[in-house]
There are 2 protein chains.
Amino acid sequence: MGNLHITIQVPPALYIKNPDTSALGRKIIKGAIELIDRLGFENFTFKKLGEYIKVPESSIYRYFKNKHLLLFYLINWYWNWLDYKVYLSTINIENPDKKLENILNLVLGDIDEDRVFSHINEKALSKIIPSESVKVFYNKQIEEEKKQGFFEGYKSLIKRISGVILEINPAYPFPQLLSTTILEGINRERYYDEHLPSLIDKTTDQPLIDFYKHLIFNSLKQTK
Amino acid sequence: MGNLHITIQVPPALYIKNPDTSALGRKIIKGAIELIDRLGFENFTFKKLGEYIKVPESSIYRYFKNKHLLLFYLINWYWNWLDYKVYLSTINIENPDKKLENILNLVLGDIDEDRVFSHINEKALSKIIPSESVKVFYNKQIEEEKKQGFFEGYKSLIKRISGVILEINPAYPFPQLLSTTILEGINRERYYDEHLPSLIDKTTDQPLIDFYKHLIFNSLKQTK
DNA sequence: ACAAATATAATAGTAATACTCCTATTTACC
DNA sequence: GGTAAATAGGAGTATTACTATTATATTTGT
């Protein structure tokens, strides 16, 4: 990709000072991803992060109001990044079936680092997504956060996948429900695969991929 | 149902003293469900619960080690209760399609209070399930909690639904994946319906019911 | 009916969390 | 080289998440 200058944008209300504009900010993001991965979000604190990256706790507060918004920043960045990757993987392709296949390979496959994007290691980030991303949804501040546009990236991603689904079958009535089922389902099953493996059917070599392909194929072909 | 004496059992390691054995315990459970509903689990504390039900904070600690285990108690009770309801709704029925329909009506319909079960208001409890139940899954203690059997109720529920799916189509390769997709999906979409309604397709009168019926029907009929 | 056991109330205390605020020092920039 | 901005470093506060203790009820067995 050479020297493309592309930055993933997140709603500015997520941060106090944009972490991708300074070395300290980038250090905070990198350290936060690693430490959330190690400790889990519940046990992660700004104090521990400060010790981990050898930065005063108070300096972290100059970038993020609290740990919830730091997590939301990361998740939002991920949604926007994935939205962009989905966009790239479907552009210039005629066949909508092929588009959907590319999307599935993206979300079901391993994420490999693409170092186009500045300060975030996508591979490390994608490790914490299955377990931590739900935590930005289910809380009482959601109505406030909606007003500030914190879910626009997620909606855009869902609508992009829905668009491809409708290209395959314009009569299919539930493109968004199917898209969220796939995206969130993959996160959940990835987590189960690690922690509740008895709940993953082992009838094929790649049950997750096969399950979702089977689900999508049969849902979309039938109503045609 | 008259005077059946049935109690839903949860793993004893979830509590210090069984809350359904005393008036105070039942008061704690009732108050906890209400307060978690109002505040959300993150803002819920034992101190606030104590003030709410006019009981010293320290007395609550004699029943539950911490608020996470109190939530887990509630969620576990819900899984076991739902497992029992699913069992009841399929017993003595010959036709597996009809069994699955009954299960779907159970998990997709409104929960109405059935006062067979002692100390828990199922209707109130089911209000907090969509937003709070995920919070017992995604944390670093899961491996410890698995060892203590905290997920056995959930597994039993999934396996019961899977069993019916296999009755309908013994060749279907992903009965458990489909069961979790339905159960967890319904929780998610219920929450979205309230907080992110633009992500729910409005192409039919009852999109959630229709989506899941469509999904299941097409997944199960195809492979036959 | 009474003693013994158990449960609850009421209060105090502690370490950690989630911040805010202030000042000294360093770094960046014109 | 001077000024503004950023960071380091630390102090301080309210809340959270507990533990511990003692006094007072309440229940239970005989």
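Convention: sequence-line order gives letters A, B, ...; per-chain numbering from 1.
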Sub-3.5 Å donor-acceptor pair from the side chain of [X] to the main-chain atoms of [Y], do we have one?
X	Y	result
A/Asp201	B/Leu177	yes
B/Arg26	B/Asp20	yes
A/Lys85	A/Leu106	no

When the ring planes of B/Trp79 and B/Tyr154 are compared, do they come out parallel, tilted or perpendicular, using 30° and 60° as the limits?
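Because their plane-to-plane angle lies in the 30° to 60° range, the rings of B/Trp79 and B/Tyr154 count as tilted.
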For [X], check salt bridge (charged side-chain N to carboxylate O under 4.0 Å, His left out) against everything at least two apart and list the hits.
X	result
A/Asp37	A/Lys127
B/Glu132	B/Lys135
B/Lys146	B/Glu143

Could you tell me, to 10°, how much the axis swings from one end of the helix from C/dA1-D/dT30 to C/dC30-D/dG1 to the other, five pairs per end?
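About 30° separates the two local helix axes.
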Could you verify whether a donor N or O on one side chain and an acceptor N or O on the other, from A/Glu122 and A/Tyr78, lie under 3.5 Å apart?
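Side-chain D/A pair, A/Glu122 to A/Tyr78: absent.
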Between the side chains of A/Ser198 and A/Tyr192, is a donor N or O closer than 3.5 angstrom to an acceptor N or O?
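Distance-only check fails for A/Ser198 and A/Tyr192.
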Those residues that, when tested against B/Ser131, pass side-chain contact (heavy atoms from CB on, under 4.5 Å) (two or more places apart)
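Partners of B/Ser131 under the side-chain contact (heavy atoms from CB on, under 4.5 Å) test: A/Tyr138, B/Tyr191.
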With sequence neighbours left out, write down each residue that passes side-chain contact (heavy atoms from CB on, under 4.5 Å) with A/Asp83, or none if nothing qualifies.
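For A/Asp83, the residues satisfying side-chain contact (heavy atoms from CB on, under 4.5 Å) (neighbours in sequence not counted) are A/Ser156, A/Leu157, A/Arg160.
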Are B/Glu144 and B/Lys147 close enough for a salt bridge, meaning some N to O gap below 4.0 Å?
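So B/Glu144 pairs with B/Lys147 through a salt bridge.
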Could you check how far CG of B/Asp20 sits from C1' of C/dA7, rounded to whole Å?
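Computing the B/Asp20:CG to C/dA7:C1' distance gives 16 Å.
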Take atom NZ of B/Lys54 and atom P of C/dT8, then tell me their distance rounded to the nearest Å.
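Checked: the NZ to P distance equals 18 Å.
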Of the non-hydrogen atoms in A/Ile200 and A/Pro207, which two are nearest, and what is the gap between them?
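Taking A/Ile200 first and A/Pro207 second, the nearest heavy atoms are CG2-CG, 4.0 Å.
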B/S/- contact track for nucleotides 17-30 of chain C, protein heavy atom under 4.0 Å
SSBBB---------
Go through residues 31-38 of chain A and report each residue with a non-hydrogen atom lying under 4.0 Å from DNA chain C, sorted by number.
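Correct list: empty, so none.
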Near-strand residues of residues 132-141 of chain B, defined as heavy-atom separation under 4.0 angstrom from DNA chain C:
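Those residues whose heavy atoms fall under 4.0 Å from DNA chain C, taken from residues 132-141 of chain B, amount to none.
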Should B/Ser59 be listed as having a side-chain N or O under 4.0 Å from OP1 or OP2 of C/dA9?
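Answer yes for this pair, as a side-chain N or O of B/Ser59 is under 4.0 Å from OP1 or OP2.
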Whether B/Tyr63 contacts C/dT8 is assessed here as follows: a side-chain N or O lying under 4.0 Å from the phosphate OP1 or OP2. Is that the case?
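The answer is yes; a side-chain N or O of B/Tyr63 sits under 4.0 Å from OP1 or OP2.
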Side chains of residues 55-62 of chain A: which donor-acceptor pairs under 3.5 Å do they make with residues two or more places apart or in other chains?
none

Below 4.0 Å from chain A heavy atoms, what is the first contacting nucleotide of DNA chain D and what is the last?
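Reading along DNA chain D, I get D/dA6 to D/dG10.
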Residues forming a side-chain hydrogen bond (donor to acceptor under 3.5 Å, both in side chains) with A/Tyr73, sequence neighbours excluded:
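Only A/His119 meet the side-chain hydrogen bond (donor to acceptor under 3.5 Å, both in side chains) criterion with A/Tyr73.
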